[in-house]
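Okay, so here's the structure we're looking at.
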Amino acid sequence: MLLPPDIMSFMPSSPIVNVVIQARASSTRLPGKVLRPLGERSVLGWVVRAARQARGVDSVVVATSDAPDDDAVVEEALRQGARVVRGPLDDVLARFLVACERYPADAVMRLTADCPLHDPALLTQVVALWRARPEVDYVSTTLVRTLPRGFDAELVRVPVLEEQARRPEGPHREHVTYGVKNSPDTYRCQGVVVSPAADDLRVTLDTEEDWELLDAVVRELTARHGDGPFTWREVVALLRSRPDLVALNAHVEQKKVVG
């Protein structure tokens with residue numbers, strides 16, 4: 001049934017949720033990592049594909065820098081079907097605000113381009129939780145970490161990001177959500193947890209040892225399940241059965257956030 005235009009104008013519209021993937025070529029520990037070929041696509045391509053397959057997402061945007069060496073990131077992001085914005089290399093939050101200005105949204109889900117094994121169903125869950133309670137400021141898989149490092153997804157309301165941006169200095173300029181998730185008295189936060197916990201595992205890409213593990217995981221799971229993306233449960237089950245793979249990067253320490 002078609003509704004008259006005057007009635008349709010009063011119908012509430014669904015909030016817009018965009019995924020914003022931060023990506024740059026100039027990683028200090030492993031330069032060019034997001035452009036490395038992993039299986040049939042680049043590391044960045046894995047992240048873009050997972051984001052595009054997540055339900056409830058309106059647009060997928062790669063936010064890279066305006067440095068010349070990120071021209072290749074732009075080309076790869078466009079090739080994978082993502083939109084692209086560029087901004088300051090050392091101010092990731094500013095890049096997110098450029099993405100929100102160019103592609104307006106009510107909330108954005110922050111992903112990093114060095115986590116290629118994202119599970120679209122998990123991303124869908126994060127979005128669905130927020131859509132069910134859009135008054136919540138922040139929803140993530142890391143508020144209480146129970147998933148392996150590498151399945152990090154954070155959704156934050158755009159007005160909250162704009163509020164954070166009023167502070168010109170601090171760790172939030174690089175670690176976009178730092179001032180939100182660490183201020184539970186100010187912001188309403190909600191987390192996704194799983195059981196049994198698997199937070200001892202690491203499937204993010206920051207070192208050559210991480211690369212060895214990811215390459216082995218992708219080869220093994222592709223042989224079992226096809227080209228992916230894989231579920232987080234499939235990744236965890238493989239690693240629980242293969243302590244030799246877990247040992248490859250068990251000693252790698254995550255870079256500390258300087259507050």
Exercise for review: Scan for salt bridge (Lys or Arg N to Asp or Glu O under 4.0 Å) pairs involving residues 182-195, sequence neighbours excluded, and state none if there are none.
Suggested key: D137-R188
Review point. How far does CZ of R202 sit from CG of L213, to the nearest 0.5 angstrom?
Key: 9.5 Å
Review point. Do side-chain atoms of E234 reach the backbone of T231 as a donor and acceptor pair under 3.5 angstrom?
Key: yes
Review point. Are V217 and W211 joined in one hydrophobic group, where the rule is that I, L, V, M, F, W and Y side chains link up if heavy atoms are under 4.5 Å apart?
Key: yes
Exercise for review: Could you tell me whether a side-chain N or O of T207 sits under 3.5 Å from a main-chain N or O of D210, the two making a donor and an acceptor?
Suggested key: yes
Review point. Is the shortest heavy-atom distance from the side chain of E212 to the side chain of N249 under 4.5 Å?
Key: no
Check your understanding: To the nearest 0.5 Å, how far apart are SG in C100 and CG in L161?
Key -> 5.5 Å
Exercise for review: Report the C-alpha distance between R131 and D58 in whole Å, list the side-chain angles of each, state the deciding distance to 0.1 Å, and finish with yes or no for salt bridge (charged side-chain N to carboxylate O under 4.0 Å, His left out).
Suggested key: CA-CA 13 Å; R131 287 192 180 278; D58 293 280; 3.3 Å; yes
Point to revise | D91 side chain to A94 backbone, donor-acceptor under 3.5 Å | key: yes
Check your understanding: Between P88 and D90, is any pair of side-chain heavy atoms under 4.5 Å apart?
Key -> no
Review point. Is the backbone N or O of A197 less than 3.5 Å from a side-chain atom of S195, with the two atoms forming a donor-acceptor pair by type?
Key: no
Review point. Does the distance from a Lys or Arg side-chain N to an Asp or Glu carboxylate O, for D70 and R86, drop under 4.0 Å?
Key: no
Review point. At what distance, to the nearest 0.5 angstrom, does CD of E163 lie from CZ of R166?
Key: 5.5 Å
Exercise for review: First locate atom CG of L117, then atom CG of L221, and finally report the distance between them rounded to the nearest 0.5 Å.
Suggested key: 8.0 Å
Practice item. Go through the steps for V192 and Q125 under the test side chain to side chain contact (heavy atoms under 4.5 Å, CB included), then give the verdict. Key: CA-CA 8 Å; V192 175; Q125 183 179 358; 3.9 Å; yes
Check your understanding: When clusters are formed by joining ILVMFWY residues with side-chain heavy atoms under 4.5 Å apart, either directly or through shared neighbours, do V20 and V48 land in the same one?
Key -> no
Exercise for review: Please report the shortest heavy-atom distance between L123 and A54, naming the atom on each side.
Suggested key: CB-CB, 3.8 Å
Review point. Can L201 be reached from L238 by stepping across I, L, V, M, F, W or Y side chains whose heavy atoms are under 4.5 Å apart?
Key: yes
Study note, to complete from the structure: For Y187 and G179, the nearest pair of non-hydrogen atoms, with its separation, is CE1-O, 3.8 Å
Practice item. Could you check R95 against E101 for salt bridge (charged side-chain N to carboxylate O under 4.0 Å, His left out), going step by step and ending with a plain yes or no? Key: CA-CA 10 Å; R95 281 189 252 153; E101 180 179 352; over 6 Å; no
Check your understanding: Less than 4.5 Å apart, any side-chain heavy atom of S59 and any of R83?
Key -> yes
Practice item. With the side chain counted from C-beta on, respond yes when V84 and L78 share a heavy-atom pair under 4.5 Å apart, and no when they do not. Key: yes
Check your understanding: Do you reckon V158 sits in the same ILVMFWY cluster as V17, going by side-chain contacts under 4.5 Å, direct or chained?
Key -> no
Practice item. Check L205, D206, D114 against R29 for a side chain to side chain contact (heavy atoms under 4.5 Å, CB included) and give me the one that passes. Key: D206
Revision key, fill the gap. In terms of heavy-atom contacts, F151 and T141 come closest through O-OG1, 2.8 Å
Practice item. Report the C-alpha separation of E76 and S42 in whole Å, then their side-chain angles, then the decisive distance to 0.1 Å, and conclude whether the side-chain hydrogen bond (donor to acceptor under 3.5 Å, both in side chains) test is met. Key: CA-CA 8 Å; E76 178 61 10; S42 66; 2.7 Å; yes
Review point. How far does CG of D71 sit from OG of S65, to the nearest 0.5 angstrom?
Key: 8.5 Å
Exercise for review: Please assess I21 against V61 for the test side chain to side chain contact (heavy atoms under 4.5 Å, CB included), listing each intermediate value before the final yes or no.
Suggested key: CA-CA 6 Å; I21 304 167; V61 184; over 6 Å; no
Exercise for review: Tell me, please, which residues at least two apart from D200 pass side chain to side chain donor-acceptor pair (under 3.5 Å).
Suggested key: R240
Check your understanding: Is the backbone N or O of V60 less than 3.5 Å from a side-chain atom of N18, with the two atoms forming a donor-acceptor pair by type?
Key -> no
Practice item. Over all heavy atoms of both residues, which pair between C189 and L143 is shortest? Give the atoms and the distance, please. Key: CB-CD2, 3.8 Å
Exercise for review: Report whether L111 and L214 are members of the same hydrophobic cluster (ILVMFWY, side-chain heavy atoms less than 4.5 Å apart, transitive linking).
Suggested key: yes
Practice item. Taking ring pair (Phe, Tyr, Trp, His ring centres under 6.0 Å) as the test, write out the residues that go with F96, two or more places apart. Key: none
Check your understanding: Would you call K33 and V43 a side-chain contact if the rule is heavy atoms closer than 4.5 Å?
Key -> no
Review point. Is the closest basic N to carboxylate O distance between R224 and E220 below 4.0 Å?
Key: yes
Revision key, fill the gap. Between L44 and A23 the two heavy atoms that sit nearest each other are CD1-CB, 4.4 Å
Practice item. In sequence, state the C-alpha distance, the side-chain angles, and the governing distance for V126 and W130, and then conclude on side chain to side chain contact (heavy atoms under 4.5 Å, CB included). Key: CA-CA 7 Å; V126 172; W130 182 77; over 6 Å; no
Check your understanding: Which pairs with one or both residues in residues 48-57 pass side-chain hydrogen bond (donor to acceptor under 3.5 Å, both in side chains), sequence neighbours excluded?
Key -> R49-D227
Exercise for review: Tell me yes or no: between the side chains of Q190 and Y138, is some donor less than 3.5 Å from an acceptor?
Suggested key: no
**Study point:** From CD (E75) to CD (Q80), nearest 0.5 Å
**Key:** 12.5 Å
Point to revise | V193 to T146 - nearest heavy-atom pair and separation | key: CA-OG1, 3.3 Å
Practice item. For R24 and V73, run side chain to side chain contact (heavy atoms under 4.5 Å, CB included): C-alpha distance rounded to whole Å, both residues' side-chain angles, the deciding distance at 0.1 Å, then the answer. Key: CA-CA 7 Å; R24 64 186 176 103; V73 174; 5.8 Å; no
Point to revise | Sequence neighbours excluded - salt bridge (Lys or Arg N to Asp or Glu O under 4.0 Å) pairs with any residue from residues 140-150 | key: R145-D152
Practice item. For the residue pair L97 and E162, establish whether any side-chain heavy-atom pair is separated by less than 4.5 Å. Key: yes
Check your understanding: Looking at R219 and D215, does any basic side-chain N land under 4.0 Å from a carboxylate oxygen?
Key -> yes
Check your understanding: Taking the side chain as C-beta and beyond, is there a heavy-atom pair between C115 and V203 under 4.5 Å?
Key -> no
Check your understanding: How would you list, by chain and number, every residue that makes a ring pair (Phe, Tyr, Trp, His ring centres under 6.0 Å) with W46, sequence neighbours excluded?
Key -> F230
